[in-house]
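For reference, the structure is listed below as structure tokens.
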Number of protein chains: 2
Amino acid sequence: MVNIKDIAKQAGMSPSTVSRVVNGKKYVNSEKRALILKLIEETDYVPDKAARSMVLRRTYTVGIVIPDTFNMFQRQLFSIIEHQLESFGYHTLFFFVKSEGASEDECLNRLKGEKLDGVIMMHEIRNPRFYEYLIRVGLPAVLATFDHEGSDIPSIHVNEEQGAFDAVLHLVNLGHKKMNIISGSASSFGRQRTEGYFRALETAGIERDESRLILTKSYTAEAGMYGMRDMLLRNPDFTAVFAVTDELAIGAIRVLEDEGFRVPEDISVIGFDDIDISSYIVPRLTTIRQPLADMGERTATLSHTHAQMHNQGKRS
Amino acid sequence: MVNIKDIAKQAGMSPSTVSRVVNGKKYVNSEKRALILKLIEETDYVPDKAARSMVLRRTYTVGIVIPDTFNMFQRQLFSIIEHQLESFGYHTLFFFVKSEGASEDECLNRLKGEKLDGVIMMHEIRNPRFYEYLIRVGLPAVLATFDHEGSDIPSIHVNEEQGAFDAVLHLVNLGHKKMNIISGSASSFGRQRTEGYFRALETAGIERDESRLILTKSYTAEAGMYGMRDMLLRNPDFTAVFAVTDELAIGAIRVLEDEGFRVPEDISVIGFDDIDISSYIVPRLTTIRQPLADMGERTATLSHTHAQMHNQGKRS
DNA sequence: CTGAAAGCGCTTACAG
DNA sequence: CTGAAAGCGCTTACAG
């Protein structure tokens, strides 16, 4: 691997000059610049990132912490964030945190070893030490799709409770009095959407019935199948179902159809997220839209702004 | 941020000793070790990754190059690879390459700046300079799900042509004489699966009919919808369709049902990949299975083995 | 068992 | 406009 000294030697100049050319600084004789550029081209030289970030004391890299079982919504969201971040000149480093084991702690440790310019949390970490760390070292952080009580880490998310409330109330107004719900308690969005569901029913004067609530461990299509099977056993007297994610809804519909129900003729199903795939499944899934692109761009921009503030003074 | 000198100072020892403790070397007085460990714990010290990889001349990191529009199959595959790599002690760095622009070149440049232990290509890069570079610098590389003619970079993939051949022949033997195909030409797997389709028909003595082939730009559900609409206009005289990916099949089925066809009663649809979602769509999609877990583990193991060989001699 | 010293590859004041 | 020098945070022979 060729390094800056090699280039300098070949050019008959000092590493300082090569560095200036590489970094596009002014005050370099244009003939020398041309020669160095030619040498760089020929030798395929690229500055070593580790050495560079060592002296610069930063990496121009933003970390994204995301569950390794990320769903379609999260996948689309991080894509947008990554693009946007790139346009701001950052690279992205993904931390996929596993659900089992000490993965959160490992993730935190890796985070500490990197000199990140910022971090975007798309995973609702439970370990409070994680947030404490972010705050203590002043690492610019943004929480995407959830917030963290008690700290003032900025977060970007929709009003989950209100979204669910509106959707459920709409169905009720359409005449559905017996509406079940498939939800999960692992994430705050699941709990909040459930609250919205209950509030809507209450508003409509429908008695609260806990047997209409099925809680699943995750928010996948598979969980939706289990959830719906459970529901058909526990409380099959319903005409509509609110699945708190599109993927839960997809699984639920599958089981309903297998059992001979027609959707939406016999049973209405409504989801939440508006992931791409939802318009491809048959029958079409009704869903609550999250403003994906907008959320992604805001997250990236916020992260960028924070990182800039945090790094001001470190520059030349 | 606390560094190794801070710890050394607080402990009243040299950085050398602290380093030995951090790296679990022998020959450290156990009381001193205990004190240092305590200090590390208290101060939240984690060695700076950049400094470390600078002197070690390696990063214990494997890069994964993947299209930013990765499909479900690729998503499941990289998850498995990442897990496996982690169990070998590697971190994973993702390079999402965009379809437009000079993204491949940028990706190559970033690659050069990192001291990766290896790279796994899940994206079929076109630029031959990319492969030349990998070979020239001896960066251990593995191609996942495709291969590269003319070089001996190891690759892991199924026999695409044969898989398609078997599936199509099976349908023909079931009585389907009029079978169309939706494919793409962007990736070699698309071309190979198409070849398998044609060979199967030939084997069955069915005349080659190019009008039964619809080529799409990508392999997504959306492309599948466009493809099927096109097909219904161009050559609607068919009883079966081979979509070369599950996602194409999902889009195709959607259009067929919208147009009043029943699947599979009126039209049989077969996909390829066996992604998780395929069993959740209604009707169930018939598909050709790729041995996902096996492929992922082989890829990671191969990458690990190469990296080890490549790095032998660099260790202490 | 331990520490001083050198060096990994870069950048950036500083002094011409 | 240019180069010698210092320093980023670490690890590892080397010499005790």
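Order of the sequence lines fixes the chain letters, A, B, ..., with proteins taken first and strands second; residue numbering starts at 1 for each chain. Because the structure is a prediction, the values reported are computed rather than measured.
At whole-Å resolution of the value, CD1 in A:I7 and P in C:dT11 are 12 Å apart. Regarding A:L35, its CG atom lies at a distance of 15 Å from the C1' atom of D:dT2, rounded to whole Å. Atom CD of B:E114 and atom P of C:dG9 are 16 Å apart (whole Å). Spacing between atom NZ of A:K49 and atom C1' of C:dC8 amounts to 17 Å, rounded to whole angstrom units. Protein atom CE of A:M1 is 11 Å distant from nucleotide atom P of C:dG9, rounded to whole Å. Distance B:I36 CD1 to C:dT2 C1': 11 Å, rounded to the nearest Å. Per the geometry, NZ belonging to A:K9 stands 13 Å off P belonging to C:dC10, to the nearest Å. In this structure, the CG atom of B:D6 is 9 Å from the P atom of D:dG9, given to the nearest Å.
Summary of the strand contacts: B:M13 and A:I4 both lie near DNA chain C, and taking for each the nucleotide with the nearest heavy atom, the more 5' one is attributed to B:M13.
The listed nucleotides are C:dG9, C:dC10, D:dT11; the one nearest the side chain of A:M54 is C:dG9. Of the candidates D:dC1, D:dG3, D:dC10, the closest approach to any side-chain atom of A:T17 belongs to D:dG3. Comparing atom distances between the A:L56 side chain and each of C:dC10, C:dT2, C:dT12 picks out C:dT12 as nearest. Nearest to the side chain of A:D48, among C:dG9, D:dA13, D:dG9, sits C:dG9. Taking every side-chain heavy atom of A:S16 into account, D:dG3 is the closest of C:dT2, D:dT2, D:dG3. Here the nucleotide nearest the side chain of B:V28, chosen from D:dT2, C:dT11, C:dT2, is C:dT2. Of the candidates C:dC1, C:dA4, D:dC1, the closest approach to any side-chain atom of A:N29 belongs to D:dC1. Which of D:dG9, D:dA4, D:dC1 sits closest to the side chain of A:Y27 comes down to D:dC1. Taking only side-chain atoms of B:Y45, from C-beta outward, the nucleotide of D:dC10, C:dT11, C:dA13 with the closest atom is D:dC10.
B:N3 has no side-chain polar atom (N or O) that falls below the 4.0 Å cut-off from OP1 or OP2 of D:dC8. The side chain of B:K25 contributes an N or O atom lying less than 4.0 Å from OP1 or OP2 of D:dT12. OP1 and OP2 of D:dG9 both lie 4.0 Å or more from every side-chain N or O belonging to B:K5. When the side-chain nitrogen and oxygen atoms of B:R52 are compared with OP1 and OP2 of D:dG9, none of them lie within a distance under 4.0 Å.
Two residues are said to be in side-chain contact when any heavy atoms from C-beta on lie closer than 4.5 Å; A:I64 and B:F94 fail this criterion.
For the C1' atoms, the distance linking D:dG16 with D:dT12 amounts to 16 Å, nearest Å.
Once rounded to the nearest 0.5 Å, the distance linking CD1 of A:I153 with CE of A:M121 reads 7.5 Å.
For B:F88 and B:Y90, the gap between ring centers reaches or exceeds 6.0 Å.
Using a 4.0 Å cut-off between a side-chain N of Lys or Arg and a carboxylate O of Asp or Glu, A:R110 and A:E106 do not qualify as a salt bridge.
Summarising the base pairing, D:dG16 is matched to C:dC1 through a Watson-Crick or G-U wobble pair whose two defining distances lie under 3.5 Å.
Here B:K26 lies out of heavy-atom contact (under 4.0 Å) with every strand.
For C:dG9, its base never sits under 3.5 Å from the side chain of B:R57 at any donor and acceptor pair.
A:Y219 places a side-chain N or O within 3.5 Å of a backbone atom of A:S187 that can act as its donor or acceptor partner. Remark: side-chain polar atoms of B:Q76 are not paired, donor with acceptor, to backbone N or O of B:L292 under 3.5 angstrom.
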